[in-house]
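Okay, so here's the structure we're looking at.
The structure displayed is predicted, hence computed values, not measured ones. Per chain, numbering begins at 1; letters A, B, ... match sequence-line order.
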Protein chains: 4
Amino acid sequence: MSVLVQEPSSRSRRTYKRAAERREQILDCALEAFSESGYHQTSVADVCQRAGIGRGTLYQYFEDKRDLLVALAERIAGRITDLVDKRPRLQIPDGLKPTGDEAVAFIQDRFVEFLTVIFEDEATARVILKAGRGADGVVDQILRRIDERVVGVIEADLRAAIDAGIVRPLDERLVARFFMGGVEKLVLSCLDDDRPIDIENIAREAAVLEARGILAD
Amino acid sequence: MSVLVQEPSSRSRRTYKRAAERREQILDCALEAFSESGYHQTSVADVCQRAGIGRGTLYQYFEDKRDLLVALAERIAGRITDLVDKRPRLQIPDGLKPTGDEAVAFIQDRFVEFLTVIFEDEATARVILKAGRGADGVVDQILRRIDERVVGVIEADLRAAIDAGIVRPLDERLVARFFMGGVEKLVLSCLDDDRPIDIENIAREAAVLEARGILAD
Amino acid sequence: MSVLVQEPSSRSRRTYKRAAERREQILDCALEAFSESGYHQTSVADVCQRAGIGRGTLYQYFEDKRDLLVALAERIAGRITDLVDKRPRLQIPDGLKPTGDEAVAFIQDRFVEFLTVIFEDEATARVILKAGRGADGVVDQILRRIDERVVGVIEADLRAAIDAGIVRPLDERLVARFFMGGVEKLVLSCLDDDRPIDIENIAREAAVLEARGILAD
Amino acid sequence: MSVLVQEPSSRSRRTYKRAAERREQILDCALEAFSESGYHQTSVADVCQRAGIGRGTLYQYFEDKRDLLVALAERIAGRITDLVDKRPRLQIPDGLKPTGDEAVAFIQDRFVEFLTVIFEDEATARVILKAGRGADGVVDQILRRIDERVVGVIEADLRAAIDAGIVRPLDERLVARFFMGGVEKLVLSCLDDDRPIDIENIAREAAVLEARGILAD
DNA sequence: CATGAATGAGCTTTCATTCAT
DNA sequence: CATGAATGAAAGCTCATTCAT
């Protein structure tokens, strides 16, 4: 499953890597380990074993166990920030009519695309939504920063849509949070039941729900 | 040492009662401690100190630290189950028209009432939403059971509303989860920012959102 | 040899002690261990084994390993301070003639008595003169304080003797230090050669030397 | 094992010299480091950094960390041995009268000269008197050897002076040790207070003290 | 030869749990 | 029942030493 585990053929043979590479590899293993068992249940030895390195090696790249989690959270935060920054601003096509199916489809597409990138990696989703939670104050803050980032994107979209008259005036921040929470819950239920995250479907359903509400026409 | 007054005469029933009381008191302290610092950051000694008892005493009421959390989670689950069981089935008033403001108001009222009881206690909310998360497999299951319970109620409501033609046909479970996730996120954002949980407002906003969606009319 | 080691009959049986007693016992064992092998060569486990206690027990009485040494040094400092405080001021007997044998004898007696109490315990001497040295900044300071204390006493004696005209005017502090250094070196040479510290003889010799000098009459 | 041999063609002497130079340089850095922070507080990495070499390089010149200290101690021992060997035997000038000022002055000069060379270098003094102490059995022995050497010189002087009738008969070894101890203590007090070692003054004071004693005439 | 990434034995320290009092 | 001193498994972490490059 994992490319990270050391080949068992040449036991106890040292492997040399470039610093950056090794760091990434350790983070990969930490991601795996933390996502599988949670932060506290994972020992430093666990992570090292997965990476096929000695205990001391890890401490050449990270201050301590907490720093490992912080670094991991920051890597995730960085990636999401990149995504967010690269994302084009919402451009409402001319003549798009609100309430129409077109509007729903349009919203759907944007979210499917966005959420796909964020939640496509199950391990990362696990760390963001479960493993990292409550483990440590600093980490919590980073996770919250990630959250703010993502929510901020949705918020911006909402604002633009309101300006364009597609969406009715509302508290964008609150709605963005609500939406994000709903999606996260659906993702979480996948994780909890060990179902694969069908993020495309989730995003699609969520978008419809959000757009139309639940009332009968 | 104990604040619970000493009554040496006829101890039998009272002792039992005392024991139960003591157990409750310990759980109260555990709730407090866990909600403040999280499960792993809280030591058994911490809980005992709050309860004003010796370390050993706690172990006469609980198997181990995990059992303490399990018991706490079960107490919460029990309380919510009670709520759920006491809750009257959804009775759609005759002649209620879908899409109308009346329908929205009706839904709102039901949810405000329900969510208020679940999230009114901040400490409990903290344990359900943060402290207990990822602490332990068994506890996770209990929390999930609580969740299922709550989601189940919403689901049932939805089903009834669909049958009554107020709500359009949809995947009730998914929608219930989405709704619950949205509300939880809003509650969480209060906890994270140390704002009081204005559950009434949250429930109200969430209900409108869910009913009408976000699209302009 | 040592009264401290646990009786081997009832293995792994817990022993309970009063806090103060246990603390003293641990300090006794630490004294033994540090004096035998030096601070760095001694592991916390060593000390615990000698005391017949579990590792954790030590940490109920001392912050960490360093704190153990600090406490030990402070205990020694306290004892010496007590000695010093109890020591009567130098009273020059009337009509004592300088340069005479009586003066030498008088000085001798005072020092023999004083140094005996300080250096009679070999283990303590070892810690003061060897094991504690350079182990840690804080400990160094305490040891220096002990030193200052002892040197201060000699200094005071010298001053009184100068005032009485028995001793010629000189830099009392410097001379006191020189004297103390000389004595310590003699004690050290006993420790190094595993000879018992014949402090009486050392003090006697040192006093003569200091009083008369080495020149032929 | 040793890097010192190796003589292929013309490079021989230079290579040899380079290796020896490098060794010396490492020892210099070790001296610096050990004297500043003590043996245990100094890491191998620290020494290497000061020397501007990689960690592995050090191990081509020294077996291990202890060997580094041993080598350092031996270098110091060697230098002192050289000093001692070069030192002319005590020649009592004809007609020197005991107890006279001349005798004191004579003794003074000899000691000032001798001690100056031993303690002039503060870093070395620190290692001999503090850093090396109690660090390791083998090193302790070397330091003791140095001590014996120095004490031996004083002892020999004393013996000669006794033979010449300048100094009264006494236990030369004991007196030499006492004297050395006294001087060391004075030097130590400089180190502890971060005062420069005014060895000339110390030696002078010590010599007077030793010669005349403290009693009033 | 030089390097510094990699190593892991060994140590300190924590804390849930036990048990003599 | 209650206690809290005692426990020791288990974890984190350090750093002298090795070795592939």
Side-chain angles (χ1 to χ4, degrees), chain A residues 12-19 21-23 40-48 51-66 68, chain B residues 1-2 6 11 15 18-19 22 40 42-49 52-68, chain C residues 12-19 21-23 40 42-48 51-68, chain D residues 3 6 15 18-19 22 40 42-49 52-68:
Chain A
S12 82
R13 201 119 206 95
R14 286 189 186 193
T15 57
Y16 279 72
K17 285 206 161 152
R18 292 215 222 94
E21 215 177 309
R22 171 79 0 127
R23 211 186 127 90
H40 281 107
Q41 285 75 26
T42 300
S43 74
V44 171
D46 274 347
V47 177
C48 292
I53 60 173
R55 234 97 34 82
T57 307
L58 188 144
Y59 285 90
Q60 285 197 319
Y61 296 90
F62 304 95
E63 292 275 324
D64 50 27
K65 190 186 172 189
R66 206 197 67 159
L68 183 61
Chain B
M1 204 89 298
S2 168
Q6 211 70 357
R11 287 161 295 166
T15 302
R18 275 220 211 105
R22 172 61 37 107
H40 282 107
T42 300
S43 71
V44 170
D46 194 355
V47 176
C48 293
Q49 200 163 23
I53 60 172
R55 230 91 53 86
T57 308
L58 188 144
Y59 284 87
Q60 283 183 321
Y61 297 91
F62 303 96
E63 291 277 322
D64 51 29
K65 189 186 175 188
R66 207 197 62 165
D67 184 40
L68 185 61
Chain C
S12 84
R13 202 119 206 92
R14 284 188 187 193
T15 58
Y16 278 72
K17 286 204 159 153
R18 291 215 224 94
E21 214 176 310
R22 171 84 350 132
R23 211 186 127 90
H40 282 107
T42 300
S43 75
V44 170
D46 275 346
V47 177
C48 293
I53 59 173
R55 234 97 36 82
T57 307
L58 189 144
Y59 283 90
Q60 283 197 318
Y61 296 91
F62 304 96
E63 292 275 323
D64 50 27
K65 190 186 172 189
R66 206 198 66 158
D67 184 42
L68 183 60
Chain D
V3 203
Q6 199 141 358
T15 303
R18 276 222 207 101
R22 172 61 40 104
H40 281 107
T42 301
S43 72
V44 170
D46 193 356
V47 175
C48 292
Q49 199 162 24
I53 60 172
R55 228 92 51 87
T57 309
L58 187 143
Y59 285 86
Q60 284 184 322
Y61 296 94
F62 303 96
E63 292 277 324
D64 51 28
K65 190 187 176 187
R66 208 197 61 165
D67 185 40
L68 185 61

Integer angstrom distance from the C1' of E/dC1 to that of F/dT21 = 13 Å
In whole Å, I'd like the distance from the [atom1] atom of [X] to the [atom2] atom of [N].
X	N	atom1	atom2	value
D/Gln49	E/dT3	CD	C1'	14 Å
A/Phe62	F/dT14	CZ	C1'	18 Å
D/Leu58	E/dC1	CG	P	16 Å
C/Asp46	E/dG10	CG	C1'	12 Å

Point-to-point distance, once rounded to the nearest 0.5 Å, from CZ of C/Arg55 to OG of C/Ser43 | 8.5 Å
Taking atom CZ of A/Arg23 and atom CG of A/Leu58, what is their separation to the nearest 0.5 Å?
-> 10.0 Å
Exercise: identify the closest heavy-atom pair between [X] and [Y]:
X	Y	value
B/Thr42	B/Lys65	O-NZ, 2.8 Å
D/Asp64	D/Tyr59	CA-CE2, 3.8 Å
C/Cys48	C/Gly54	SG-O, 3.8 Å

Short side-chain N/O contact from D/Arg22 to OP1 or OP2 of E/dA2, under 4.0 Å | yes
Is C/Tyr61 near enough to F/dA5 that one of its side-chain N or O atoms lies under 4.0 angstrom from OP1 or OP2?
-> no
Comparing D/Gly54 and A/Gly54 on DNA chain E - which has the more 5′ nearest nucleotide | D/Gly54
The single option from C/Lys17, C/Arg14, C/Arg22 passing side-chain contact (heavy atoms from CB on, under 4.5 Å) against C/Ile53 = C/Arg22
Go along nucleotides 15-21 of chain F 5' to 3' and tag each nucleotide: B for a protein heavy atom under 4.0 Å from its base, S when only backbone or sugar atoms are that close, - otherwise.
-> BSBBBS-
Around atom CD of A/Glu21, are there more than 12 heavy atoms of other residues, nucleotides or ligands at under 6.0 Å?
-> yes
Bracket string, DNA chain E, 5' to 3' - pairs by Watson-Crick or G-U geometry under 3.5 Å, | interstrand = .||||||||||||||||||||
